[in-house]
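Working notes, beginning with the structure itself.
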Amino acid sequence: MLELYQFELSHYSEKVRLILDYKGLEYRKIEVTPGIGQVELFRLTGQRQVPVLKDGHKYIVDSTEIAKYLDSRYPDRPLIPQDSKQRGLCLMMEEWADESIGIKGRKALFYAISQDQNFRKALLPTSVPDVLKTVVEGVPKDLLKLLGFGVGYTPEAVQKAIADLKQDLEALCLLLADSPYLVGDEPTLADFAVAGLSILLKFPEGPYLDLPVTLRGRGVPGLVDNPVYEPFFAWRDRLYTQFRKPLTGSTQTPTGTAPTSIEID
Ligand SMILES: N[C@@H](CCC(=O)N[C@@H](CS)C(=O)NCC(=O)O)C(=O)O
């Protein structure tokens with residue numbers, strides 16, 4: 001069976017989970033423990049980031065490479081259109097989703113956490129200390145200032161990220177106004193990239209992520225509560241209903257030893 005080395009809260013991992021579900025491929029999630037689990041990942045793949053897909057003896061690193069690998073190895077329900085214009089648009093949007101929504105989404109989530117004590121508490125219950133570490137991985141440490149933990153990711157940088165995300169969401173609403181999917185009449189990699197990368201802006205409403213139930217549908221103030229962007233999140237909900245498999249109990253196997261506390265320096 002395929003194995004996905006992942007963080008549950010990783011938006012790049014979510015992009016791959018969406019693709020696996022869309023293609024109807026069975027897979028086992030292997031939850032990587034931030035820190036020690038990444039040492040093991042480094043031993044296996046020469047790098048420490050998730051997602052990593054294991055197919056037989058082969059390890060594929062990076063969500064884009066995984067998507068392309070899956071499309072060539074499991075060609076049913078293709079992700080990348082053949083038509084040149086659609087193909088170009090699909091690849092361009094995927095890259096944009098990774099680089100804009102993915103990167104800025106992290107900053108925006110930290111803004112949300114900093115603004116809302118209940119949100120913060122829901123994300124950081126003592127029973128699941130990995131969650132914070134998971135979100136923090138890949139984020140400059142100084143972003144933690146927003147949480148009162150450390151030194152400064154400037155509020156200006158965060159506000160700029162949110163302003164950019166607003167433009168991204170506006171663009172998506174416009175593109176989806178009279179079209180079921182971002183490129184043509186069938187779902188493509190562009191749709192799954194955008195949907196997956198946007199989970200940090202608003203966690204999905206349904207039972208798709210192994211997170212506290214109170215976090216479902218929660219997200220970044222100014223984005224989730226702005227009716228202007230509602231068409232995008234409604235579109236994403238439909239995509240999830242159509243293609244994402246809901247959770248059925250825990251199928252995760254942790255790697256490494258789960259930490260009992262988190263060190264933030
Ligand atoms: N370009 C990579 C980005 C993956 C990425 O940023 N992964 C984060 C989690 S969302 C990670 O593994 N961070 C841990 C680290 O950098 O040590 C992809 O598309 O897969």
Side-chain angles (χ1 to χ4, degrees), residues 2-20 27 29-55 58-71 79-80 90-110 112-113 123 128-144 153 161 165 189-204 208-211 215 219-220 252 254-256 258-259 262-265:
L2 294 169
E3 291 181 334
L4 181 67
Y5 290 75
Q6 62 148 41
F7 296 155
E8 185 70 9
L9 199 53
S10 152
H11 42 349
Y12 294 91
S13 300
E14 180 64 2
K15 172 178 149 191
V16 174
R17 293 185 294 246
L18 274 159
I19 289 169
L20 288 163
Y27 66 100
K29 295 196 280 188
I30 300 186
E31 187 70 9
V32 174
T33 304
I36 193 161
Q38 289 176 271
V39 174
E40 172 68 0
L41 202 60
F42 188 86
R43 193 184 65 75
L44 295 170
T45 69
Q47 60 86 55
R48 37 180 284 135
Q49 289 200 319
V50 295
V52 171
L53 184 76
K54 182 171 184 235
D55 190 2
K58 195 175 167 67
Y59 291 91
I60 305 102
V61 170
D62 185 277
S63 63
T64 302
E65 292 308 314
I66 294 170
K68 289 178 177 169
Y69 170 82
L70 287 173
D71 224 23
L79 295 169
I80 305 179
C90 171
L91 294 173
M92 187 187 286
M93 275 189 222
E94 194 247 7
E95 169 71 0
W96 162 70
D98 279 6
E99 295 305 316
S100 187
I101 303 176
I103 305 290
K104 292 163 193 166
R106 284 188 181 125
K107 296 181 190 174
L109 177 67
F110 272 79
I113 291 170
L123 255 181
V128 279
D130 293 12
V131 171
L132 171 61
K133 194 75 189 284
T134 298
V135 180
V136 169
E137 292 302 330
V139 176
K141 282 208 175 76
D142 50 7
L143 182 55
L144 294 175
Y153 215 60
L165 285 167
L189 177 56
D191 299 286
F192 299 119
V194 163
L197 271 300
S198 68
I199 58 165
L200 301 188
L201 310 185
K202 180 182 180 184
F203 294 122
Y208 301 106
L209 296 179
D210 193 3
L211 285 174
L215 285 177
V220 177
Q252 297 179 13
T255 59
I262 298 168
E263 285 180 25
I264 297 164
D265 50 11

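The structure presented is a predicted model; accordingly, all values stated were derived computationally and were not measured. Read the numbers this way: they start at 1 and go in the same order the structure lists the ligands and their atoms. Along the sequence shown, residues are numbered consecutively beginning with 1. The analysis underlying the following values was restricted to heavy atoms, covering all of them including side chains, and did not include hydrogens, waters or symmetry mates.
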For [Y], does its backbone N or O pair with a side-chain atom of [X] as donor and acceptor, under 3.5 Å?
X   : Y    : result
R17 : G196 : no
T45 : L41  : yes
Q6  : K29  : no
E8  : D210 : yes

(message) I'd like to check the salt bridge (Lys or Arg N to Asp or Glu O under 4.0 Å) partners of D62; sequence neighbours left out, ordered by chain and number.
(response)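 Testing D62 for salt bridge (Lys or Arg N to Asp or Glu O under 4.0 Å), a comparison that skips the adjacent residues, returns none.
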
(request) Can you tell me which residue pairs pass the salt bridge (charged side-chain N to carboxylate O under 4.0 Å, His left out) test with a partner in residues 94-103, sequence neighbours excluded? (result)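 As it turns out, the salt bridge (charged side-chain N to carboxylate O under 4.0 Å, His left out) pairs with a partner in residues 94-103, which skip direct neighbours, are K15-E94, K15-D98.
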
(message) Need the ligand 1 atom indices (1-based, order shown) with element for anything under 4.0 Å from a heavy-atom of R48.
(response)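 Here the atoms of ligand 1 in question are 17 (O).
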
(request) Could you name the option among L9, V50, I103 that has the heavy atom nearest to atom 12 (O) of ligand 1? (result)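 When every heavy atom of L9, V50, I103 is considered, V50 comes closest to atom 12 (O) of ligand 1.
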
For ligand 1, is there an N or O atom under 3.5 Å from any N or O atom of [X]?
X   : answer
T64 : no
Y12 : no
D62 : yes

(request) Check Q38 against ligand 1 and report side chain, backbone, both or neither, counting heavy atoms closer than 4.0 Å. (result)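 The answer is the side chain of Q38.
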
(request) Classify the contact between R106 and ligand 1 as side chain, backbone, both or neither, using a heavy-atom distance cut-off of under 4.0 Å. (result)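 Just the side chain.
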
